[in-house]
Amino acid sequence: MDIKQFVKDRDAAFLSLKKSKILAYCKKYGVSAPIDGDIFWAGVHKAILVINSATPEQKSNSKKWLISHGYSVEI
């Protein structure tokens with residue numbers, strides 16, 4: 001597996017915040033994704049917090065989403 005492509009695809013999928021794109025990424029790389037909507041999005045927003053290419057605004061929006069839905073922003 002080409003790790004650079006994996007990371008590039010991951011960043012593009014998660015930062016798009018498009019569920020269909022994220023699920024396509026998961027399927028391509030054999031990554032399991034939670035079915036429950038809230039848990040799915042919590043995982044997406046937690047992932048965004050550690051994506052190096054995410055902007056401060058994207059990370060801030062993810063923190064806000066997590067907090068407003070009762071999740072911790074701790075990684």
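With sequence neighbours excluded, no residue satisfies side chain to side chain donor-acceptor pair (under 3.5 Å) with E57.
Closest approach of L23 to F40, counting heavy atoms only: CD2-CE1, 3.8 Å. Between L17 and W41 the shortest heavy-atom distance is O-CH2, 3.5 Å. Shortest non-hydrogen contact noted between S62 and L49 is CB-CD2, 4.0 Å. Considering every non-hydrogen atom in both L15 and S53, the closest pair reads CD1-OG, 3.8 Å.
Under the 4.5 Å side-chain heavy-atom criterion for grouping Ile, Leu, Val, Met, Phe, Trp and Tyr, I35 is not connected to I39 through any hydrophobic cluster.
No more than 12 heavy atoms of other residues, nucleotides or ligands shown are found within 6.0 angstrom of NZ on K63. Surrounding CD1 of I3 are more than 12 heavy atoms belonging to other residues, nucleotides or ligands, all under 6.0 Å away. Enclosure of atom NZ in K19 by more than 12 non-hydrogen atoms of other residues, nucleotides or ligands within 6.0 angstrom is indicated.
Ring geometry for H45 against W65 counts as parallel: the plane angle stays under 30°, on a 0 to 90° scale with 60° as the upper cut.
Put simply, CZ on R10 and CD1 on I48 are 10.5 Å apart, with the number rounded to the nearest 0.5 Å.
Between V7 and N52 there is no side-chain heavy-atom pair separated by less than 4.5 Å. At least one side-chain heavy atom of F14 sits under 4.5 Å from a side-chain heavy atom of I51.
In terms of modelled atom types and a separation under 3.5 Å, the side chain of Q5 and the main chain of D2 share no donor-acceptor contact. A donor-acceptor pair under 3.5 Å is formed between the side chain of K46 and the backbone N or O of E74. Using a distance-only test at 3.5 Å, with no hydrogens or angles considered, a donor-acceptor pair links the side chain of S68 to the main chain of K64.
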